[in-house]
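In each ligand, atom 1 is the first atom listed, and ligand 1 is the first ligand listed.
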Amino acid sequence: MAWKFPLSDIHMGVEEIQAVTRVLESGWLTLGEVTHNFEQQFIESTGSRYAFAVTNATAALHMACLVANLGPGDEVIVPSLTFVATANAVRYVGANPVFADISGQEIFNISPQSIRQKITPKTRAIIVMHYAGFSCDMPEIMQIASEHGLVVIEDAAHAAGSSLDGKALGAWGQTGCFSFFSNKNMTTAEGGMIITQDEGIAERLRVLRSHGMTSMTLDRHKGHAWSYDVTELGFNYRIDEIRASLGIVQLSRLTKNNLRRSQITDLYRRTLTRLVPEIGLPFLDAQGQSAYHIFPILLPGNISRLKFMEAMKANGVQTSIHYPPIHTFSAYRDDYPDIELPVTEDIARREVTLPLYPGLRDDEVLEIVESVAHAFSVSDVGGV
Ligand SMILES: *Cc1c(COP(=O)(O)O)cnc(C)c1O
């Protein structure tokens with residue numbers, strides 16, 4: 001169906017069309033100067049030392065697990081309230097995801113206290129996910145990691161443009177993984193980026209992205225290298241020049257678009273507080289600068305989420321759920337028979353995500369909030 005207000009929406013301007021056209025006319029479509037420029041600009045915008053553009057964030061997360069030397073028998077602490085790719089990446093390398101709970105109704109991010117409780121002698125790493133672009137408690141998590149000798153990997157798929165204490169999210173851990181999928185804050189259609197501050201890690205990422213080969217097609221094309229070695233089992237996780245050219249333009253719009261997202265979030269919060277005060281609004285006291293990737297709300301226990309979402313749909317407003325917890329999926333649940341994540345399960349039952357994209361006008365936000373008030377009034381099933 002055609003939504004009056006989709007959950008997310010993209011804007012491709014004349015600059016994107018020109019950038020793609022230039023690549024198509026250049027005769028060089030795969031990893032080359034445009035990708036290099038994109039990486040260079042991402043390095044500057046995140047203040048990181050190295051960046052590698054890849055096919056998607058899932059590939060970035062896979063490589064993050066590989067360079068952390070995770071493998072069979074290792075445990076990796078991850079949130080369950082995240083996209084399934086966060087935990088799948090751990091399984092790609094044969095390691096075991098161990099799910100930690102989130103902090104609470106105000107903060108849907110992984111709880112440092114829960115991380116501490118999940119540490120065993122087998123724990124090797126923690127993957128954090130900055131929900132909606134709001135920073136996890138990185139100082140505390142880095143402290144836990146250093147106490148126990150653990151690697152920290154950041155799933156920063158929501159967090160392009162986010163920072164904490166002036167340091168970009170994604171730049172805190174050993175690696176930070178970004179997604180440029182079509183519903184993210186900046187998009188290359190499919191695409192992603194992995195950043196690191198460590199030279200040795202960077203060298204492995206460069207090789208792993210390209211079949212484990214020591215020299216690239218472009219070097220050979222330019223006559224810089226005639227042969228190559230294969231030093232380990234690598235992958236083809238390279239982005240292409242067409243997507244990289246989109247990324248350069250989209251990155252140049254990121255600050256402005258994230259500012260608009262923050263204004264929309266602010267307007268949502270003010271009007272919802274006034275019109276439907278029973279609805280919970282997380283991250284009100286969040287630390288740092290968020291990318292405001294999505295706008296989550298929390299329904300009280302007496303409201304049927306199904307009825308609420310149906311009523312929103314009847315008004316042409318698309319809503320979603322972030323997320324069905326990973327430990328409840330068929331591919332996971334049998335391996336976690338005794339798992340208890342009470343906060344995750346409570347939030348996952350009551351969370352609804354409202355439309356948020358830079359093109360949303362103020363009057364449209366108010367119209368969506370009126371739909372929320374109406375949907376709320378017809379979804380009360382009593383009790384808790
Ligand atoms: C989108 C997303 C991913 C996966 O990104 P792709 O680029 O589609 O592979 C991983 N983690 C989170 C939290 C995401 O939102």
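- At a heavy-atom distance under 4.0 Å, only side-chain atoms of Y323, from C-beta outward, approach ligand 1.
- Shortest contact from atom 9 (O) of ligand 1 to any protein heavy atom: T58 OG1, 2.5 Å.
- In summary, the atoms of ligand 1 found under 4.0 Å from a heavy atom of T82, numbered by their order in the structure, are 13 (C).
- The residue from H158, H130, M193, M129 that puts a heavy atom closest to atom 15 (O) of ligand 1 is H158.
- At a heavy-atom distance under 4.0 Å, atoms from both the backbone and the side chain of N56 approach ligand 1.
- The aromatic rings of F178 and F42 sit perpendicular, their planes meeting at an angle over 60°, well past the 30° parallel limit.
- Salt bridge status for E241 with R22: absent, with no side-chain N to carboxylate O gap under 4.0 Å.
- Remark: E310 does not engage R305 in a salt bridge, criterion side-chain N to carboxylate O under 4.0 Å.
- Between R209 and E39 there is a salt bridge, since a side-chain N of the basic residue sits under 4.0 Å from a carboxylate O of the acidic one.
- Within the structure, every pair that satisfies the side-chain hydrogen bond (donor to acceptor under 3.5 Å, both in side chains) test and touches residues 278-296, not counting sequence neighbours, is listed here: N185-H293.
- Comparing heavy-atom distances from atom 14 (C) of ligand 1 across A85, P79, A157, G192 singles out A157 as nearest.
- Atom 2 (C) of ligand 1 has its closest protein heavy atom at K184 NZ, 3.1 Å.
- In the vicinity of G191, heavy-atom distances shorter than 4.0 Å reach the ligand 1 atoms 7 (O).
- In summary, the aromatic rings of H327 and Y336 are positioned with their centroids too far apart to meet the 6.0 Å limit.
- Taking atom 3 (C) of ligand 1 as the reference point, the nearest protein heavy-atom neighbour is F83 CD2, 3.6 Å.
- Taken from CD in Q41 to OG1 in T46, the straight-line distance is 11.5 Å, to the nearest 0.5 Å.
- Taking atom 10 (C) of ligand 1 as the reference point, the nearest protein heavy-atom neighbour is D155 OD2, 3.6 Å.
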